[in-house]
Amino acid sequence: MTAVPLETSVPHPAPGVAAAVLGLSKVYGSGENRVVALDRVDLAFREGEYTAIMGPSGCGKSTLMHCAAGLDSYSSGSVHIGTTELSALDDRQLTALRRDRIGFIFQSFNLLPTLTALENITLPLTLAGRGADREWLDRVVSMVGLAQRLGHRPSQLSGGQQQRVAVARALVSRPTIVFGDEPTGNLDSRAGAEVLGFLRDSVRELGQTVVMVTHDPVAAGYADRVVFLSDGRLVDEMTRPTPDRVLERMKAFDGRAHTG
Ligand code: ADP
Ligand code: MG
């Protein structure tokens with residue numbers, strides 16, 4: 001397995017911070033097609049904290065997640081996972097960092113159809129040439145309630161069960177941080193609530209750091225903190241959110257958008 005350097009020449013943003021973006025900007029296209037998707041975003045994710053990212057469609061949420069997870073390049077600024085600054089890594093090191101230190105949950109599950117649930121869950125370890133830590137694997141599998149479904153293929157599972165597989169896959173390598181881009185966007189409210197509960201459990205019980213994009217004030221209510229993005233900029237933040245307070249805040253933004 002390729003070792004990812006844990007210490008680079010770039011100083012760590014702050015102790016107790018799992019990941020951070022500093023002055024992060026992302027510009028797509030040029031000339032008339034130029035879109036500033038992210039405009040100098042500063043944001044830190046503390047260890048063991050559950051953060052929700054909200055904002056109108058097209059405001060840069062997915063771009064922020066993809067840049068922070070090393071899945072996309074950025075125009076300027078820096079991205080830090082633990083004490084590693086991503087621009088200090090070559091392609092091979094970046095691949096290893098994504099595999100070993102970052103979990104990503106997609107709206108569309110992104111499971112491999114020919115693999116069983118268990119094989120999908122352990123895929124990051126298989127790719128790294130590592131065996132599973134049996135105790136940890138059992139804990140993650142039982143947390144997401146999949147012990148009876150491990151031999152099933154994705155087509156034999158409901159959407160909610162498939163996303164539980166994806167949650168377990170994201171947690172299995174004990175990553176520094178787990179990102180979810182609208183992880184409940186394709187689920188009915190009951191299956192969505194289960195997935196949100198598992199993510200919250202991973203924070204409370206396993207000390208995992210979790211960041212998720214959501215449109216849903218109820219989903220945001222599971223988080224410890226909500227950050228609001230608008231036009232590629234960070235515009236507000238709320239700690240200990242409740243669905244009602246998040247909804248109020250969203251209405252205030254909408255009002256401003258219509259009058260402004
Ligand atoms: P969100 O996830 O909040 O809906 P995105 O991060 O997907 O927003 O997009 C932010 C902005 O960047 C939007 O204006 C979008 O049209 C633009 N954008 C996203 N991806 C691309 C791309 N590959 N090429 C050009 N523009 C893009
Ligand atoms: Mg998006």
Side-chain angles (χ1 to χ4, degrees), residues 19-45 50-81 86 91 94 98 102-111 159 162-163 166-167 170 177-189 191-192 195-196 199 210-223 225-238 241 243 246-247 249-258 260:
V21 303
L22 299 174
L24 187 69
S25 293
K26 168 85 179 178
V27 180
Y28 288 110
S30 60
E32 279 182 15
N33 297 322
R34 186 179 141 95
V35 174
V36 180
L38 294 176
D39 189 3
R40 291 161 292 172
V41 174
D42 294 316
L43 187 54
F45 303 109
Y50 190 174
T51 302
I53 298 177
M54 301 191 85
S57 186
C59 72
K61 302 179 300 293
S62 292
T63 304
L64 174 60
M65 299 282 268
H66 288 139
C67 291
L71 294 170
D72 204 352
S73 63
Y74 40 94
S75 308
S76 57
S78 60
V79 175
H80 307 256
I81 300 295
L86 296 198
D91 283 352
L94 186 60
R98 280 199 303 253
I102 293 173
F104 208 102
I105 304 164
F106 300 88
Q107 184 174 342
S108 50
F109 321 140
N110 283 25
L111 303 179
Q162 289 185 58
Q163 196 64 310
V167 169
I177 187 162
V178 169
F179 294 102
D181 193 353
E182 306 198 39
T184 61
N186 278 344
L187 303 179
D188 63 43
S189 60
V195 164
L196 292 164
L199 290 173
V210 174
V211 182
M212 92 180 152
V213 168
T214 183
H215 280 118
D216 178 3
V218 173
Y222 283 76
R225 171 173 78 136
V226 184
V227 295
F228 295 91
L229 212 60
S230 175
D231 273 340
R233 292 185 186 193
L234 214 61
V235 291
D236 208 351
E237 181 171 358
M238 182 188 289
V246 171
L247 195 59
R249 190 71 55 96
M250 288 165 75
K251 282 185 193 155
F253 286 136
D254 281 351
R256 222 178 296 164
H258 292 310

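Whatever order the structure lists ligands and atoms in, that order sets their numbers, starting from 1. Position 1 is the first residue of the sequence; numbering continues from there. Below, all heavy atoms of this structure are taken into account, side chains as well, without hydrogens, waters or symmetry copies.
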Check your understanding: Between F104 and H66, is the ring centre distance below 6.0 Å?
Key -> yes
Review point. In terms of atom number and element, which parts of ligand 1 are under 4.0 angstrom from non-hydrogen atoms of T63?
Key: 5 (P), 6 (O), 9 (O), 10 (C)
Point to revise | Heavy-atom protein contact below 4.0 Å for atom 10 (C) of ligand 1 | key: yes
Point to revise | N/O separation below 3.5 Å, G60 to ligand 1 | key: yes
Exercise for review: Determine, using heavy atoms of G55 and all atoms of ligand 1, whether some pair is separated by less than 4.0 Å.
Suggested key: no
Practice item. Looking only at non-hydrogen atoms, find the nearest pair between V79 and A68 and report the distance. Key: CG1-O, 3.6 Å
Practice item. Quick one: look up the protein heavy atom nearest atom 23 (N) of ligand 1 and list residue, atom name and how far away it is. Key: Y28 CE2, 3.6 Å
Exercise for review: For the residue pair F106 and N186, establish whether any side-chain heavy-atom pair is separated by less than 4.5 Å.
Suggested key: no
**Study point:** Distance, nearest 0.5 Å, that separates OG of S75 from CG of D39
**Key:** 10.5 Å
Check your understanding: Do R249 and V226 have side-chain heavy atoms sitting under 4.5 Å apart?
Key -> no
Exercise for review: Decide yes or no for L64 and L43: does some side-chain heavy atom of the first lie under 4.5 Å from some side-chain heavy atom of the second?
Suggested key: yes
Practice item. Give the atoms of ligand 1, by number and element, whose distance to some non-hydrogen atom of S57 is under 4.0 Å. Key: 4 (O)
Exercise for review: Give the residue, atom name and distance (to 0.1 Å) of the protein heavy atom nearest atom 7 (O) of ligand 1.
Suggested key: S62 CB, 3.8 Å
Check your understanding: Can you find an N/O atom of G58 closer than 3.5 Å to an N/O atom of ligand 1?
Key -> yes
Check your understanding: Heavy-atom contact under 4.0 Å between G29 and ligand 1?
Key -> no
Check your understanding: Is S57 close enough that one of its N/O/S atoms sits under 2.8 Å from the Mg ion (ligand 2)?
Key -> no
Check your understanding: Of all heavy-atom pairs between T214 and A52, which one has the smallest distance, and what is that distance?
Key -> CG2-CB, 4.3 Å
Review point. Do M212 and L196 come within less than 4.5 Å of each other through their side chains, counting heavy atoms only?
Key: yes
**Study point:** atom 16 (O) of ligand 1 touched by protein heavy atom at under 4.0 Å
**Key:** no
